[in-house]
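Positions are given from 1 along the sequence. Counting convention: from 1, in listed order, for ligands and their atoms alike.
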Amino acid sequence: MKLYYIPTTRAVRPRWLLEEMGIAYDLVRVNMSITKQPEYKELHPHRKVPVLVDGSVTIFESAAICAYLADKYISLGFAPLPDSPERAYYHQWLFYAAVTLEPPVEHYMFNVLPNLPEKLLPGFVRLETSKQESQQWFDRVAEPLREVLVGRNYLVANRLTAADIITGGVLLWAKKLGMLLDDDPLSKYINGLMQRPAFIRADEDFYAKIATM
Ligand SMILES: N[C@@H](CCC(=O)N[C@@H](CS)C(=O)NCC(=O)O)C(=O)O
């Protein structure tokens with residue numbers, strides 16, 4: 001199994017899950033000049049990471065990769081069983097993280113890192129989105145997450161699932177960008193996730209990279 005990977009990106013998410021699972025994998029470290037090469041388009045139509053190649057399966061989108069892995073090794077418990085009630089909530093939080101929670105964090109990032117190249121941050125986005133608006137947008141959509149995490153460490157079935165990995169991957173950026181206050185329940189949740197040995201192994205170079213941004 002091969003995971004195409006760039007440090008500090010969304011590729012950390014499937015790597016983190018693989019580390020949690022204890023599954024052997026080959027980490028294929030790429031960079032933006034490798035992803036620009038014509039062959040790379042066969043792996044990812046938008047030339048991004050992560051991509052997982054597992055036998056005949058070549059799959060992109062970090063949440064889809066994590067869901068695929070959690071189902072493939074379902075006996076390891078990173079996804080609830082298909083016929084369980086928890087499965088519905090697992091899907092809910094998995095989709096919520098990718099579709100609802102991530103966009104305001106991405107917009108915020110674009111506003112606090114104004115030197116991003118035009119390719120990553122088109123001028124029209126800079127003009128139309130303010131940092132404050134992104135924060136308000138995030139606070140609004142994060143409210144159900146804050147509520148469900150009262151008195152618990154994980155989103156579903158009181159154990160870590162792929163839904164926590166994708167949610168954690170989004171909140172990691174919210175934390176690093178200063179969008180979370182210390183007394184926010186989301187800070188306690190993400191701090192707990194970041195202390196997991198598997199996360200630390202997967203995110204080895206986060207601090208080095210952020211220092212150069
Ligand atoms: N929704 C996709 C986003 C993938 C994505 O935007 N990856 C970024 C890194 S976080 C990337 O590969 N950027 C390199 C580039 O745009 O050239 C996912 O979750 O996998």
Distance-only check: which donor-acceptor pairs under 3.5 Å involve side-chain atoms of residues 151-158, not counting sequence neighbours?
from, atom 1, to, atom 2, distance (Å)
R152, NE, Y154, O, 3.2
R152, NH2, L155, O, 2.7
Y154, OH, R196, NH1, 2.7

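When only interatomic distances are considered, the shortest N/O to N/O separation between T35 and ligand 1 does not fall below 3.5 Å. Annotation: H44 places no N or O atom under 3.5 Å from an N or O atom of ligand 1; distance criterion only. Taking any N or O of T9, backbone or side chain, none lies under 3.5 Å from an N or O belonging to ligand 1. Looking at ligand 1, you won't find any N or O of E102 less than 3.5 Å from one of its N or O atoms.
In this structure, R87 pairs ionically with D71, as a charged nitrogen and a carboxylate oxygen lie closer than 4.0 Å.
Using a 4.0 Å cut-off to heavy atoms of P50, the atoms of ligand 1 that qualify are 20 (O). Close contacts of ligand 1 with S62, meaning ligand atoms under 4.0 Å from a residue heavy atom, involve 18 (C), 19 (O), 20 (O).
Contact annotation for M32 and ligand 1: only side-chain heavy atoms (C-beta onward) come within less than 4.0 Å of the ligand.
Side-chain contact between L69 and M1: present, with at least one pair of heavy atoms (C-beta onward) separated by less than 4.5 Å.
Not one N or O on the side chain of Q135 forms a donor-acceptor pair closer than 3.5 Å with the backbone of Y108.
With a 6.0 Å cutoff to the six-membered ring centre and a 45° limit on the axis angle, R15 counts as a cation-pi contact of Y5.
Evaluated by nearest non-hydrogen atom to atom 8 (C) of ligand 1, the leading choice among I166, T8, V12, V49 is V49.
In this structure, the salt bridge (Lys or Arg N to Asp or Glu O under 4.0 Å) partners of K72, at least two apart in sequence or on a different chain, are D54.
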